[in-house]
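Working notes, structure below.
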Amino acid sequence: MNECYYDKRMDFFYNRTKTDTADEWTGAQLIGVLCFGTFFCLFIFISNSLVIAAVVKNKRFHFPFYYLLANLAAADFFAGIAYVFLMFNTGPVSKTLTVNRWFLRQGLLDTSLTASLVNLLVIAVERHMSIMRMKIHSNLTKKRVTFLIISIWAIAIFMGAVPTLGWNCLCDITVCSSLAPIYSRSYLVFWSVLNLVVFFIMVVVYIRIYMYVQRKTNVLSSHTSGSISRRRTPVKLMKTVMTVLGAFVVCWTPGLVVLLLDGLNCTDCGIQHVKRWFLLLALLNSVMNPIIYSYKDDEMWATMKRMICCSSEDKSQERRSSRIPSTVLCRSTDTSGHYIEDGIIQGTICGKGDLGDKGNS
């Protein structure tokens with residue numbers, strides 16, 4: 001019967017697999033990586049929060065596609081949390097971690113990847129349902145969308161917990177991988193191949209849907225008198241999703257290939273020297289998505305801009321009002337009326353800006 005090593009710290013597994021890259025994350029290099037990661041994690045939190053808030057606030061986004069897009073932003077937000085946890089548990093700290101803490105560190109990353117991947121699959125199904133009927137949005141009810149979102153996270157959490165549930169090498173250290181010292185090589189092969197196959201399937205499906213939309217739109221445009229912008233809306237939505245998918249595939253594929261090579265026990269591939277850079281590339285994916293949403297969707301950008309604009313105006317108004325002495329407000333009704341009127345005027349201007357933006361969009 002094999003001996004199990006649940007009570008060992010990670011230095012036991014790192015030393016056994018001759019993984020010495022943890023010691024290289026020191027000095028100026030470690031500080032640079034932490035600064036880089038901190039900046040982008042803050043951007044991930046703020047930008048994806050804006051995307052979610054925009055979907056909630058703007059009634060034009062109260063459709064299945066945008067609910068799923070908001071859930072994708074939530075997955076990117078969760079990825080930011082996973083990267084923050086990783087930053088404080090990497091480098092020399094890696095060897096001091098317990099087995100359970102290391103499982104948590106990797107499980108958060110695996111969960112964030114799975115949540116994004118499954119979410120993109122569900123968006124593909126939603127787009128297929130709507131495109132086949134040549135509608136901008138599908139007929140999915142809010143209950144079904146809610147069920148889909150809950151299912152996405154249930155699958156993501158389960159996949160992130162699979163190694164913790166038993167598919168690891170703690171009781172058979174001869175099959176331990178190099179990059180993930182307590183993951184079995186068979187699991188890395190399964191994980192990487194599964195994701196790469198799903199990537200390929202999604203790319204093929206989205207290309208076919210996009211070609212179908214483009215062809216049908218061109219045919220209908222010559223027989224209908226509807227507005228050009230309305231006819232182009234399905235195409236614009238597909239372009240947004242395809243750009244997001246393309247960025248996802250480009251950012252995650254190199255890391256998955258490295259994991260596959262490690263699972264295949266490729267000792268001469270030099271994977272230890274590139275793993276950190278591919279991890280940072282995966283981090284960039286969560287940074288890119290909010291930029292893609294705002295760049296490809298004018299209504300999304302306008303909504304986010306209005307939220308930032310009105311928030312700054314409200315704070316400016318509060319600071320201006322706080323400078324008025326209370327005695328002056330009590331003694332001079334004209335002055336107080338002036339400031340109240342000023343506040344109303346500002347609110348009206350903000351409201352007009354909203355209507356103007358909506359009209360422009």
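Computed from a prediction, not measured in an experiment: that's the story for all the values here.
- Taking CG of Leu97 as the start and CG of Asp11 as the end, the distance is 10.0 Å to the nearest 0.5 Å.
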Throw together a table of side-chain donor-acceptor distances under 3.5 angstrom for residues 43-51, partners on residues two or more places apart or in other chains.
unit_1, atom_1, unit_2, atom_2, d
Ser47, OG, Phe43, O, 2.5
Asn48, ND2, Ile44, O, 2.9
Ser49, OG, Phe45, O, 2.6

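- Residues Asp110 and Met159 have side chains not in contact (no heavy-atom distance under 4.5 Å, counting atoms from C-beta outward).
- Taken from CE in Met10 to CZ in Arg101, the straight-line distance is 13.0 Å, to the nearest 0.5 Å.
- With rounding to the nearest 0.5 angstrom, the CG atom of Leu117 is 9.0 Å from the CG atom of Leu245.
- With sequence neighbours left out, the ring pair (Phe, Tyr, Trp, His ring centres under 6.0 Å) criterion links Phe85 to no other residue.
- Under the side chain to side chain contact (heavy atoms under 4.5 Å, CB included) test applied with Cys169, the options Pro181, Ser177, Ser184, Pro163 reduce to a single match, Ser184.
- Remark: the backbone N or O of Ile173 is paired with a side-chain donor or acceptor of Arg16 at under 3.5 angstrom.
- Residues Asn15 and Lys95 meet the side-chain proximity criterion, which asks for heavy atoms closer than 4.5 Å.
- Taken to the nearest 0.5 Å, the OG1 atom of Thr111 stands 11.0 Å off from the CD atom of Gln106.
- Both Leu165 and Leu104 are members of a single hydrophobic cluster when ILVMFWY side chains are connected at heavy-atom separations under 4.5 Å.
- A donor-acceptor contact shorter than 3.5 Å is absent between the side chain of Asn168 and the backbone of Ile182.
- Val145 and Phe147 fall into different hydrophobic clusters, where Ile, Leu, Val, Met, Phe, Trp and Tyr residues are linked whenever their side-chain heavy atoms come under 4.5 Å apart, directly or through other members.
- Here CZ of Phe13 is found 8.5 Å from OH of Tyr5. Values are rounded to the nearest 0.5 Å.
- For Arg9 (side chain) and Thr96 (main-chain N/O), a donor-acceptor pair under 3.5 Å exists by modelled atom type.
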Could you tabulate the donor-acceptor pairs under 3.5 Å formed by side-chain atoms of residues 192-201, not counting sequence neighbours?
unit_1, atom_1, unit_2, atom_2, d
Ser192, OG, Leu188, O, 2.7
Ser192, OG, Val189, O, 3.3
Asn195, ND2, Trp191, O, 2.6

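- Note: the hydrophobic cluster containing Ile157 does not contain Tyr83 (ILVMFWY, side chain heavy atoms under 4.5 Å, direct or indirect links).
- Counting all heavy atoms, side chain and backbone alike, Ala54 lies closest to Met300 at CB-SD, 3.7 Å.
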Show me the side-chain donor-acceptor pairs of residues 63-77 shorter than 3.5 Å, one per line, residues at least two apart or across chains.
unit_1, atom_1, unit_2, atom_2, d
Tyr66, OH, Asp297, OD2, 2.9
Asn71, OD1, Trp153, NE1, 2.8
Asn71, ND2, Asn119, OD1, 2.4
Asp76, OD1, Ser286, OG, 3.2
Asp76, OD2, Asn289, ND2, 2.8

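- In this structure, Trp301 has no side chain to side chain donor-acceptor pair (under 3.5 Å) partners at least two apart in sequence or on a different chain.
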If you look only at distance, which donor and acceptor atoms sit under 3.5 Å apart when one is on a side chain in residues 248-262 and the other is two or more places apart or in another chain?
unit_1, atom_1, unit_2, atom_2, d
Thr253, OG1, Val249, O, 2.5
Asp262, OD1, Ser178, N, 3.2
Asp262, OD2, Ser178, N, 3.2
Asp262, OD2, Leu179, N, 2.8

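- Scored by the ring pair (Phe, Tyr, Trp, His ring centres under 6.0 Å) test, Phe40 finds Phe36 as partners (sequence neighbours excluded).
- With hydrogens and angles ignored, the 3.5 Å screen pairs no side-chain donor or acceptor of Thr90 with any backbone N or O of Met87.
- Residues Met202 and Leu121 approach most closely at CG-CD2, 3.5 Å, considering heavy atoms.
- Considering only residues two or more places apart in sequence or on other chains, Tyr183 meets the ring pair (Phe, Tyr, Trp, His ring centres under 6.0 Å) condition with Trp102, Tyr187.
- Closest non-hydrogen pair, Gly263 versus Arg185, comes out as O-CB, 3.3 Å.
- The side chain to side chain donor-acceptor pair (under 3.5 Å) test applied to Thr174 returns Asp172, not counting sequence neighbours.
- Although no hydrogens or angles enter the test, the distance criterion places a donor-acceptor pair under 3.5 Å between the side chain of Tyr206 and the main chain of Ala124.
- In this structure a side-chain-to-backbone donor-acceptor pair under 3.5 Å is missing from Arg60 to Glu299.
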Next item on the list: Please lay out, stage by stage, how Trp167 and Ser186 fare under the test side chain to side chain contact (heavy atoms under 4.5 Å, CB included).
Entry: CA-CA 9 Å; Trp167 200 345; Ser186 61; 3.0 Å; yes
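- The cluster map of Ile, Leu, Val, Met, Phe, Trp and Tyr, joined by side-chain heavy atoms under 4.5 Å apart, puts Val287 and Ile308 in the same cluster.
- In this structure, Asn265 has no side chain to side chain donor-acceptor pair (under 3.5 Å) partners at least two apart in sequence or on a different chain.
- Here Leu148 pairs with Val122, Leu140 under the side chain to side chain contact (heavy atoms under 4.5 Å, CB included) rule; sequence neighbours left out.
- Residues that satisfy the side chain to side chain donor-acceptor pair (under 3.5 Å) test with Thr303, not counting sequence neighbours, are Asn58, Arg306.
- Under a hydrophobic-cluster definition in which Ile, Leu, Val, Met, Phe, Trp and Tyr are linked whenever side-chain heavy atoms come within less than 4.5 Å, directly or via other members, Ile149 and Val56 are assigned to different clusters.
- Atoms CG and CD1, from Asn285 and Ile292 in turn, are 7.5 Å apart once rounded to the nearest 0.5 Å.
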Next item on the list: Decide side chain to side chain contact (heavy atoms under 4.5 Å, CB included) for Val55 and Tyr293; before the verdict, give the C-alpha distance in whole Å, the side-chain angles of both, and the deciding distance to 0.1 Å.
Entry: CA-CA 11 Å; Val55 173; Tyr293 305 150; over 6 Å; no
